[in-house]
Chemist: 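What follows is a single structure, and I will ask about it in a moment.
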Amino acid sequence: MKEKIDQLFENEAQLPKISSVVSKVMEMVGNPDVVIADLAKEISKDPGLTAAVIKLSNSAYFRPAKPVKTVQESLMTLGTKTVKEIILLNETKGILKKELKGYQVDGEANWLHSLIVAELAKRIAVQKKLKVDKDVVFTAGLLHNIGKVILADFFPTVLMQFRTELQNYEGPYTDLEAKFFGYTHQETGAKLLEKWNFPQELIEVARYYTEPEKATQFPELVSIIHIANCIVILGGMGIDIGGLKIPLSSKALQVVGVTEGDLQMYYTLLPEMAKHIEELISV
Amino acid sequence: MLNKDVKIINVGIADIQGGQSPSVIRTTLGSCIGVVFYSPEKKVGAMAHIMLAKDPSGKDSSKNPHKYAETALPELLKRMTELGCNKGEYFARLFGGASMFKGMNSSFLQNIGDLNVSVAKEFLDKEKITLLVEDVGGHEGRTISLYLDDGRILLKKGGFEKYLYKVR
């Protein structure tokens, strides 16, 4: 199985892709001296993307101060980083809304899971006043488990055996992925984001979000996404075949400074957050 | 197989939904519990997706009654009345309430599931509603679908799925 996954990564044609306009925009926004007019021109090369940016900019979620009619206005009202967030959201929707059959998660549920982890992670970063970029937190939350999309395709051949083993399995769920596929979905996700030339932060989150103790470069960011994911899974949103088998790391709680009371509050807030992202889910 | 014309009613987190045959009511549960009422005579039923036994702050339950067992369960009874069912005509089934993987050091998160289950049982006892079937606890998430045409429940858990037919 490992060889098949290796082949997939060598023969990129079969991997989920990011459009060239989106990669270009990601790169441009990373440059502090980016000129808004140039950025607007790049986005406008893609009519579908342009329409999505304007539509999402006007949504209740992003609450622009005044109605946005052009990409340039969107960049000026919401800022380049928020527009980058919108673009990634629009681009990854098709990938993350895919049914994860072997994981027993349908497309809508996976999309809701990704968005609500992103939203809760942002909430945690703000509430804990952490020095992490809020937009990066959102994007990291959105993409944390993207590797599942790839491994899901390999499930059919091992599913019966996988399930049987899962029945009496007490260890971390992802050890089973490694055993059956040669890779965990975390490793697979990190490999995919590397292929896309995405920033190192996002790659480290995908790689270590279930074992935040191992994060070396961005431990705060990884810990935030880890905690958000655990709470959302506890709430049943996007809960997969592995159930609740990812332990919540006490180290991560310590790194972010999340208390018992905070956990309770985040969990209780899930329905309100789901409401807040309703418009994003429907795009 | 599910007929194309059958309506699927999704129950969100902290939500209550009811319906009649031939619709299907569905929800996914982690630590939350799904309380299911079904009347085999009238072929109507309702489902509550409850997050916590009690409102920890005491301030939220008036605004969001469906989140907490103490306020959601009376609402679920009311929903059955609205669907034309008297008490005694319907029976209960209970799902969910999983707990966090061992090693969790948050007593709050660890105990949500168990507390949810015990409060729901107390309520059913007090209201004299028979609990027919339960599948609760453990570390697995569950997706439950209530088929209102005959009241069977499709339970998906840990990679497996099975139908539960006991309705009275």
Side-chain angles (χ1 to χ4, degrees), chain A residues 102-106 108-109 112-113 116 155 159-173 176 227 230-250 253-254 258-275 278, chain B residues 8 10-15 26-34 49-52 54-57 59-61 63-68 72 95-113 116 137-145 155-161:
Chain A
Y103 286 95
Q104 228 174 40
V105 178
D106 71 26
E108 292 289 331
L112 169 66
H113 172 86
I116 199 151
F155 261 103
L159 197 55
M160 284 316 290
Q161 219 189 329
F162 194 95
R163 284 171 170 177
T164 312
E165 200 141 332
L166 186 67
Q167 284 270 294
N168 304 309
Y169 195 71
E170 288 289 322
Y173 164 77
L176 278 187
I227 296 165
C230 285
I231 294 171
V232 172
I233 287 291
L234 196 67
M237 287 177 280
I239 193 163
D240 69 15
I241 189 172
L244 295 170
K245 289 190 166 134
I246 290 175
L248 179 62
S249 151
S250 44
L253 296 177
Q254 216 176 60
V258 166
T259 64
E260 180 86 359
D262 293 331
L263 287 174
Q264 188 163 328
M265 176 185 71
Y266 301 146
Y267 177 75
T268 316
L269 276 175
L270 289 176
E272 277 93 327
M273 277 183 237
K275 224 176 194 80
E278 229 161 51
Chain B
I8 307 244
N10 275 309
V11 186
I13 187 165
D15 187 14
R26 177 176 296 165
T27 202
T28 299
L29 305 157
S31 279
C32 304
I33 49 164
H49 179 136
I50 297 167
M51 296 181 77
L52 284 173
K54 288 183 170 57
D55 177 2
S57 67
K59 294 177 215 140
D60 191 40
S61 57
K63 219 170 70 198
N64 299 294
H66 295 176
K67 263 191 215 174
Y68 309 103
F95 302 92
S99 39
M100 262 292 186
F101 191 61
K102 59 178 187 260
M104 256 300 305
N105 53 357
S106 154
S107 63
F108 168 72
L109 293 187
Q110 187 88 301
N111 294 322
I112 299 176
N116 280 342
H139 304 301
E140 256 101 28
R142 294 166 173 88
T143 297
I144 52 168
S145 308
L155 168 70
K156 293 189 185 182
K157 182 177 85 167
F160 285 90
E161 48 184 75

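Atom set for the values below is all heavy atoms of this structure, side chains included, hydrogens, waters and symmetry mates excluded. Every chain is numbered from 1, with letters handed out A, B, ... down the list of sequences. What you see is a predicted model; the values in this text were computed from it and never measured.
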Chemist: State whether the side chain of Tyr267(A) and the backbone N or O of Met51(B) hold a donor-acceptor pair below 3.5 Å, judged by distance alone.
Modeler: yes

Chemist: Among residues at least two apart in sequence or on other chains, which ones pass side-chain hydrogen bond (donor to acceptor under 3.5 Å, both in side chains) with Tyr103(A)?
Modeler: Glu177(A)

Chemist: Which region of Thr259(A), side chain (C-beta onward) or backbone (N, CA, C, O), has a non-hydrogen atom less than 4.5 Å from a non-hydrogen atom of chain B, or is it both or neither?
Modeler: neither

Chemist: With only heavy atoms counted, which part of Leu166(A) is less than 4.5 Å from chain B, the side chain, the backbone, both or neither?
Modeler: side chain

Chemist: Between Glu161(B) and Arg163(A), is there a side-chain N and carboxylate O pair less than 4.0 Å apart?
Modeler: no

Chemist: Would Glu272(A) and Lys63(B) satisfy salt bridge (charged side-chain N to carboxylate O under 4.0 Å, His left out), going step by step from the backbone distance to the final call?
Modeler: CA-CA 11 Å; Glu272(A) 277 93 327; Lys63(B) 219 170 70 198; 5.1 Å; no

Chemist: Is it the backbone or the side chain of Asp60(B) that comes under 4.5 Å from a heavy atom of chain A, or both, or neither?
Modeler: side chain

Chemist: Using non-hydrogen atoms and a 4.5 Å limit, figure out which bit of His49(B) sits close to chain A: side chain, backbone, both or neither.
Modeler: side chain

Chemist: If you count every heavy atom of other residues, nucleotides or ligands that lies below 6.0 Å from Gln161(A) atom CD, does the total exceed 12?
Modeler: no

Chemist: Any side-chain heavy atom of Met237(A) within less than 4.5 Å of one from Ile13(B)?
Modeler: yes

Chemist: NZ of Lys157(B) to CD of Gln167(A): how many Å apart, nearest 0.5 Å?
Modeler: 8.0 Å

Chemist: Tell me the closest heavy-atom pair linking Gly158(B) and Gln104(A), and the distance in Å.
Modeler: N-OE1, 4.1 Å

Chemist: Is chain A contacted by the side chain of Asn64(B), its backbone, both, or neither, given a heavy-atom distance below 4.5 Å?
Modeler: side chain

Chemist: What residue among Thr143(B), Leu29(B), Thr28(B) forms side-chain contact (heavy atoms from CB on, under 4.5 Å) with Ile239(A)?
Modeler: Thr28(B)

Chemist: Is the side chain of Lys245(A) donor-acceptor paired with the backbone N or O of His139(B) at a distance under 3.5 Å, no angle test?
Modeler: no

Chemist: Return the minimal non-hydrogen interatomic distance between Ala14(B) and Pro271(A), and the atom names on each side.
Modeler: CB-CG, 3.7 Å

Chemist: Taking Leu270(A), Asp240(A), Leu112(A), Thr268(A) one by one, which has the highest count of heavy-atom pairs under 4.5 Å against chain B?
Modeler: Thr268(A)

